[in-house]
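If you're wondering where the values come from, they're calculated on a predicted model, not measured in any experiment. Proteins come first, then strands; the chains are lettered A, B, ... in the order of their sequence lines, and each starts at number 1.
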Protein chains: 2
Amino acid sequence: MPRRRITQADVAAMAGVSQATVSFVLNDRLPAGVHISAETRQRVLDAIRITGYSANPVAQRLAGGRNQIIGVFTYEATFPGGGRDFYGPFLVGIEHAAEQLGIDILLFTSARVVDGRRRLTRDGWQRLGIADGCLLLGQHEDRSELQHLLDTNYPFAFIGKRTSEGGRLPYVGADYVAATRHAVERLIALGHQRIGYVGELGTDQPTLDRLDGYRSTMHDAGLSSRLVTEEDPAATAAAAVDQGLTALVVAPERDAEELYDALLLRGLTVPGDVSLLLLGQPQRRLRRPQEWSGFAIPREEMGARALQLLSRLIANQDLPEQDQHQLLDCAVVEGRTVAPPRDRTAPGDDAALAPGAPQSRAQTTP
Amino acid sequence: MPRRRITQADVAAMAGVSQATVSFVLNDRLPAGVHISAETRQRVLDAIRITGYSANPVAQRLAGGRNQIIGVFTYEATFPGGGRDFYGPFLVGIEHAAEQLGIDILLFTSARVVDGRRRLTRDGWQRLGIADGCLLLGQHEDRSELQHLLDTNYPFAFIGKRTSEGGRLPYVGADYVAATRHAVERLIALGHQRIGYVGELGTDQPTLDRLDGYRSTMHDAGLSSRLVTEEDPAATAAAAVDQGLTALVVAPERDAEELYDALLLRGLTVPGDVSLLLLGQPQRRLRRPQEWSGFAIPREEMGARALQLLSRLIANQDLPEQDQHQLLDCAVVEGRTVAPPRDRTAPGDDAALAPGAPQSRAQTTP
DNA sequence: GCCCGATAATAATGCGCATAATCCCCTTGT
DNA sequence: ACAAGGGGATTATGCGCATTATTATCGGGC
């Protein structure tokens, strides 16, 4: 173990060539007009092996090269509210892909948090430059920040579908439309007709997609959409009762567990009287995630795929459209909160319950 | 938003000074012989504010400065076996502290994995140089790698107690000795006398500390130690029965849940016939962590404290001994797998169960 | 009147690498 | 015999910053 780190100059000296030659051999790319003979090339490679040289990533980067570091930026401040449960799986996927690609991950934890979201201001921009590119995570991205990324041609990719900026934003997302569609179809197949959508009418992409999936599926089935937008779980439960809904698809931003409790309080059983279907996974950890019927976002795979996408963006200049915008399927979660509607069978007819459905109310609590 | 990034030279031009002067003002440190007047200083500061300058971390680092990046290196390959569940909390703590200190985190996911553990070879060393310092995580560190770190005076800190290298290794660990001592005392206070230690006799620090805590506490109480080192859960259960043990303290490397099942298979109830106490937290996620009596390693706090320690190591040259070696207390987990020994009460006397202990075998399964 | 020291700042250098610009030599065509 | 061209490499430059060495000015002490 030498005291001073070995540089290209050291390798060059040993091989009897110039530092530039070493750099050319390493990058295996001859910038038009430069020629290296096979023999020289081999001498350099030998010297590299003998000295155990490896490039200094800092210098590499400063000189305008790549350094195999990819940044991860989360718009949401991760910690308040245990967002780690939600974002963790993405990171796991990212790390997994990084390991395979021989890439290091830089977490931009230093970015200032303003109004509960991280901002990419002044030093933020500079810090991005450490990495070859950056993965962006979270809902509330900032338009001007995006514009800057595009302007500077800095490689980046989103985790989560993005349609703004004229489709110029590369992303790997989850197919909420199809998943929601599938969920609603599942309820319809069981015989439900009065199916409500519980959630707020935001303009974020997941919400738009879920609403799209819900509305179009209901429409195709000749059923009418019923949106329940009450904030309060008790009010939601009341609305469901008033409208005689037999099933609810619930946006994960809503407190599903509290809705469940509110329904029980009103004397309704789940899924006996009302079926509940969760459209995704909430930020908060559920007490018994497996019990909830719904679908699961393939978060680990999204992370891994996003890193791979970004890696290719960095290598190639441009990718075919279908690679830049990837939508992954969500896995169906069977769960125990879905059953045929009561009104199609004799009241109290337990045979109508889904297979394996629990018999007592206490055990049903997901 | 300027197209080209603003450099110290830009700031210098605006303030009508030299680039070096800007650097001096920024670092607020005058290297003996250099003087900056208050007026000039202010002009530079103004220019910095106006231009929105912020340092390029890459250049900073290349020039031998600090760049507010701290590396995290995990010896164990994180993924196989869901180590994320175990290492995740450390990372959460690290991130939390990083956020407060304005530091970015670099995960060395690129380090080659050999024999299931990451190695800090060739390019590993170079890559460490990106960061101001590095946190080391995991059991199986390599002596020669450590030596290199010490030789090169590279700032680092361990998460987890380290006694090798003559106490020259800074760490933040969990106080396994005290926690185990406390656990055993808890059993003794309940009336247990035949208390066994289940686990292998490794030479890793946690094992040594747990054994130390166990042995010394037993000795102090005038009881004799009984080590059960069988690999197989069934064999362990058999040994426990043969020796008439009424309580087992279990190293988390052992499959506690399978031991539990094996005891049930032999007709013993937990905690009715045998109390179980888990000495820490297993890598694998338990089915019902809260049910297990034992103690919890303050992993988030360890991560945070380690980052703070490292940050201070980087800033100051040397720290007082008690700051370099920190042991944090483990939290007692009440759980439901501990009760007074059967032989002190009438057989079948349920009053001997811990308060709130479940009545049926099925529900007792943690 | 001159040297010394303190003050105030600048020029110069190097970190390790990528890359543009340049140079040398040998072959080929005319 | 000489220009043209291309293979084979080198030298030079700059990335943005920290730091060392150097320059310039001014006020006192003798």
Heavy-atom nearest nucleotide on DNA chain C taken for B/Gly64 and for B/Gly33; more 5' hit belongs to B/Gly33

Separation of C/dC17 atom P from A/Phe24 atom CZ, nearest Å, is 14 Å

message = Please verify the inter-ring angle class for B/Phe156 with B/Phe158; under 30° counts as parallel, over 60° as perpendicular, anything in between as tilted.
response =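 Rings of B/Phe156 and B/Phe158: perpendicular, as their planes differ by over 60°.
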
B/Arg127 CZ to C/dC17 P, in whole Å, measures 13 Å

Does C/dC15 have OP1 or OP2 under 4.0 Å away from a side-chain N or O of B/Gln60? no

What nucleic acid atoms does A/Gly129 come within less than 4.0 Å of, heavy atoms only: base, sugar-phosphate, or nothing? nothing

* To do: Decide, yes or no, whether a salt bridge links A/Arg118 with A/Glu145 under the criterion of side-chain N to carboxylate O below 4.0 Å.
  =>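 No, A/Arg118 and A/Glu145 are not salt-bridged.
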
**Report entry** Touch class at under 4.0 angstrom, heavy-atom based, for B/Thr7 against every strand present
**Finding:**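 Touches sugar-phosphate only.
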
Separation of D/dC15 atom C1' from B/Gln19 atom CD, nearest Å, is 12 Å

- Where the side chain of B/Ala20 is defined as all heavy atoms beyond and including C-beta, which of C/dC17, D/dT11, C/dA11 is the nearest nucleotide?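 The answer is C/dA11, which lies nearest to the side chain.
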
Check: For the residue pair A/Trp125 and A/His148, does the interplanar ring angle fall in the parallel (under 30°), tilted (30 to 60°) or perpendicular (over 60°) class?
Finding: tilted

| message | Using a 4.0 Å heavy-atom cut-off, does A/Ala9 contact any base of the nucleic acid, only the sugar-phosphate backbone, or nothing at all? | response |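 Nothing, no heavy atom under 4.0 Å.
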
Classify A/Val58 by what it touches in the nucleic acid, base, sugar-phosphate, or nothing, heavy-atom distance under 4.0 Å.
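Since no nucleic acid heavy atom lies under 4.0 Å of A/Val58, the category is nothing.
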
note: B/Asn67, atom CG; C/dC15, atom P; distance rounded to Å ~ 19 Å

Closest to the 5' end of DNA chain D, once B/Thr21 and A/Ile36 are matched to their nearest nucleotides, is A/Ile36

Worksheet item: So, do A/Phe73 and A/Tyr75 have ring centers that fall under 6.0 Å from each other?
Response: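 Distance test on ring centres: under 6.0 Å, yes.
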
Distance col, row A/Asn67:CG vs A/Ile130:CD1, nearest 0.5 angstrom, shows 9.0 Å

Between B/Ala59 and B/Ser18, whichever has its closest DNA chain C nucleotide further toward 5' is B/Ser18

The correct set of residues in residues 37-49 of chain A placing a heavy atom under 4.0 Å from DNA chain C is none

Note to self: In whole Å, I'd like the distance from the CG atom of A/Leu30 to the C1' atom of D/dG6.
What the structure shows: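 Whole-Å distance recorded here is 14 Å.
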
Review point. Contact class for A/Leu62 vs. all strands (heavy atom < 4.0 Å): base, sugar-phosphate, or nothing?
Key: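 Touches a base.
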
Exercise for the section: Ignoring backbone atoms, establish whether B/Asn56 has a side-chain N or O less than 4.0 Å from OP1 or OP2 of D/dC17. Expected result: no

B/Arg5 atom CZ is separated from D/dG16 atom C1', nearest whole Å, by 9 Å

May I ask you to say whether A/Asp46 pairs ionically with A/Arg49, meaning some side-chain N is under 4.0 Å from a carboxylate O?
->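 Salt bridge: yes.
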
Position toward the 5' end of DNA chain D (nearest nucleotide), B/Val22 or B/Val34
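Residue closer to the 5' terminus by nearest nucleotide: B/Val22.
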
### Message
Can you tell me which residue among B/Leu327, B/Leu136, B/Ile159, B/Leu309 is in a side-chain contact (heavy atoms from CB on, under 4.5 Å) with B/Tyr171?
### Response
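Testing B/Tyr171 for a side-chain contact (heavy atoms from CB on, under 4.5 Å) against B/Leu327, B/Leu136, B/Ile159, B/Leu309 leaves exactly one candidate, B/Leu327.
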
B/Leu26 CG to D/dC17 P, in whole Å, measures 8 Å

Subject >> Spacing between A/Arg66 atom CZ and C/dT19 atom C1', to the nearest angstrom >> reply: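 My rounded result for the distance is 14 Å.
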
- Message: Looking at D/dT19, I'd like to know if its phosphate oxygens (OP1 or OP2) sit under 4.0 Å from a side-chain N or O belonging to B/Ser23.
- Response: no

Please check this pair: side chain of B/Arg119 against backbone of B/Val114, looking for a donor-acceptor N/O pair closer than 3.5 Å. no

* Asked: If you check every side-chain atom of A/Val17, which of C/dA18, C/dC15, D/dT10 has the closest atom?
  ->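 Between C/dA18, C/dC15, D/dT10, the one nearest the side chain of A/Val17 would be D/dT10.
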
